[in-house]
Every structure is written in structure tokens, then in C-alpha cells.
Amino acid sequence: PRWHDLTQVSDPLISVVTPSLNHARFLPDTIRSVAEQTFRNFEHIVIDGGSTDETCEILSQYPHLRWISEKENHIVEAYQKGFSMARGKYVIQCCVSDGFLDPKWFQRCVDVLEADNEVSLVWGMPQYMSEDGRLLSTSLPHFFESPPPQRDDFLAFWLATGFLFPEGNYCVRTSIVRDLYPRPGDAAHFVTLSHNGFAHRFMEGGYLPLFLPAVANYGRSHSDQRGKRLIAVEAPAHRIHVRERWRLAMKLVLGRRLTFHAGDQRPTGRRSSTGPRLLFTILRHLVAQSILMRTPPLTLMNKVLRRLGQR
């Protein structure tokens, strides 16, 4: 069989977890993009929610996959099943309609996480893809010229922007994602927007992310996209997450300090800043990441003129 070497992996370093539900038409592309990574010591786990299309028939054609298919009440259940099945030291999530563009992405993540115990999560940039498979614009292209803060300094950036690690490419230590990722029964907004919930717990826990300047994956937009179907539910949950993030920011500005933790969950001995210094840093990131600051003047002027012309 194709990718026979992956059937021989018994002690994987990376576990790729893919939740799936009735998206059989995208499944072969996703499986292929994972299986063609240059780094070979990984496993690919697919948690299917009881699909009624050809998903199971397709999954059965790939002997290197570890997969189950059973009904769930929420996608959080699928992720938790995948994390519990994971044998790897690190976890990467990849939804069934998405995939990887950088064939060396797994290797890049492993190189960082194996060499630096303080880093708990590595992330890169995604690229948009149309439903029919055309690559579109790169998300976050300004990070090529002006990278986001790293490690300890990322906390103030997150407090200011609410930036979410791209869910289709971040690679995180398994012990941490198991501890922090929302579960059924958690607060409703954490379950509804589980990636937001994980990011909040990760940052409040003082864990350190590292950005790699590479276009790692594609995120496919399609008619049955979860974010489109559930916008009426997710929008209120998002507003709660924003309020909780700003509440945490104010507590830190007023004197609370977070202890930073390494990848083994031990304290690094460093703590977050507080007071006017933190407030100034948050405000600086707010201004720097605003659309007005990141849009070239001519482009901004044309947008304004078009908007005025529509009135």
C-alpha cells in the first residue's frame, strides 16, 4: 500500500488528530497532505462523528490511519477522543477539509520543540483555499515583515488582540493540550469556541508559544463550514471570550502577575509584567495591529472612496 512506512510506526513523536463528519469529498486531499510530510515518525488519527456519506469507505482504504466512527454530541468530544488516543509527544490538529502546504512543517515543529523545553506550542501561517481547491491569499502576510512577539512577550500581544493560534497548523505538547483543551461540561462559551477556550487557558497558564515564518497549511472555505452554520451560536460565545480576556488584562495591569511555565509545566522563574508598563505594551499592540496601521495609504484611500460611492 501507499505510505507503507506509516503502518510501521509504533512509537510516534507526533499525533495528527482530524475530526470528521460527512465531508468525504475533502478527505483524500487531507490524508494525502498529512501523509506526504517529510517527517515520518507520526500517526494520523481520524475521529469521525458517524458520517452517512462515503467517509468510512474512504478511511478503510488507508491502512496507516487509526480511526473510529461513532456519533457525538459536539466536536469537543471528537477532539478529546483523539487526544486520549494520541501516542505522540506532540499533537497537531487538522480538520477534514484542511491540509498542509509546507511538506517540512512537522519537521520544523519537532526541531523547535525537541531543542527548546521552554516552548510549548509552535505555529505558522495558514493560506485560504476555495471550495474547489484553488489557493487564495495568505492569512497574516504582514507577519513576514513584522513578526509577532515571541515567548513571554506574546502574552501582551494576545491580551491586546485576542489572537488565536491557527487551529490547522499549531503543534503543541500532548500533556498540555490534554490538560487545557475544553471538555464537555465546561462553561458553554469554552465548549462552543473550544479553540478560543484553549488559547485563553494556554496564555493564562503562562505557557510560551513560538511563531515560525512559514505558510504551513491551507484552510478550505466551503458551503457546509462549521463557522458558517453555527454563527448564531458562536457570535455570543465570542463576545464572552473577549470580555474575559479584557478582564484578565485589567487584573494583570492592576497588579496580578502570571508565572511563566516551560513545556514540562514547571515554572521558568519568570513572571509577567504589570502596571503602566504592561498597559503601554497592550496599547502599543492595539495600535500596531489595527487595520489603519497595516493598510497601505493608497489602498486605504481607495476603500474609503468605494465605501462613500456606495452611499
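Not measured: the values here are computed from a predicted model. In what follows, residues are counted from 1 in the order of the sequence shown.
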**Report entry** Residue pair D102 / V215: nearest heavy atoms and the distance that separates them
**Finding:** CB-O, 3.5 Å
Side-chain donor-acceptor contacts of residues 121-129 below 3.5 Å, not counting sequence neighbours, with atom names and distances?
residue : atom : partner : partner atom : Å
Q127    : NE2  : L136    : O            : 2.8

Query raised in the report: What heavy-atom pair brings G263 and S175 nearest, and what distance separates the two atoms?
Result: O-OG, 4.4 Å
Query raised in the report: Which pair of non-hydrogen atoms, one from L113 and one from R173, has the smallest distance, and what is that distance?
Result: O-NH2, 2.9 Å
Requested in this report: Give a yes-or-no answer on whether the side chains of H189 and E244 include a donor-acceptor pair shorter than 3.5 Å.
Outcome: yes
Query raised in the report: Using a distance-only test with no angle check, is there a side-chain donor-acceptor pair under 3.5 angstrom linking E43 and S15?
Result: yes
Query raised in the report: In terms of side-chain geometry, is the basic nitrogen of E118 or R266 positioned less than 4.0 Å from the acidic oxygen of its partner?
Result: no
Report summary line: Taking every heavy atom of P213 against every heavy atom of F144, the minimum-distance pair comes out as O-CE2, 3.7 Å
Query raised in the report: Can you list every salt bridge (Lys or Arg N to Asp or Glu O under 4.0 Å) pair that touches residues 10-26, not counting sequence neighbours?
Result: R25-E131
Report summary line: Rounding to 0.5 Å, atoms CH2 (W67) and OG1 (T18) come to a distance of 14.0 Å
Query raised in the report: Regarding Q93 and N169, is there a side-chain donor-to-acceptor distance under 3.5 Å anywhere?
Result: no
Requested in this report: Using distance alone, with no hydrogens and no angle criterion, decide if N117 and D264 have a side-chain donor and acceptor under 3.5 Å apart.
Outcome: yes
**Report entry** Check against salt bridge (Lys or Arg N to Asp or Glu O under 4.0 Å), R134 and D132
**Finding:** CA-CA 6 Å; R134 291 178 294 109; D132 61 1; 3.3 Å; yes
Report summary line: The ring pair (Phe, Tyr, Trp, His ring centres under 6.0 Å) partners of Y90 (sequence neighbours excluded) come to none
Report summary line: From the list R245, R256, K251, R247, salt bridge (Lys or Arg N to Asp or Glu O under 4.0 Å) partner of E204 resolves to R256
Requested in this report: Could you tell me which non-hydrogen atom of C94 sits nearest to which non-hydrogen atom of P19, and how far apart they are?
Outcome: O-CD, 3.9 Å
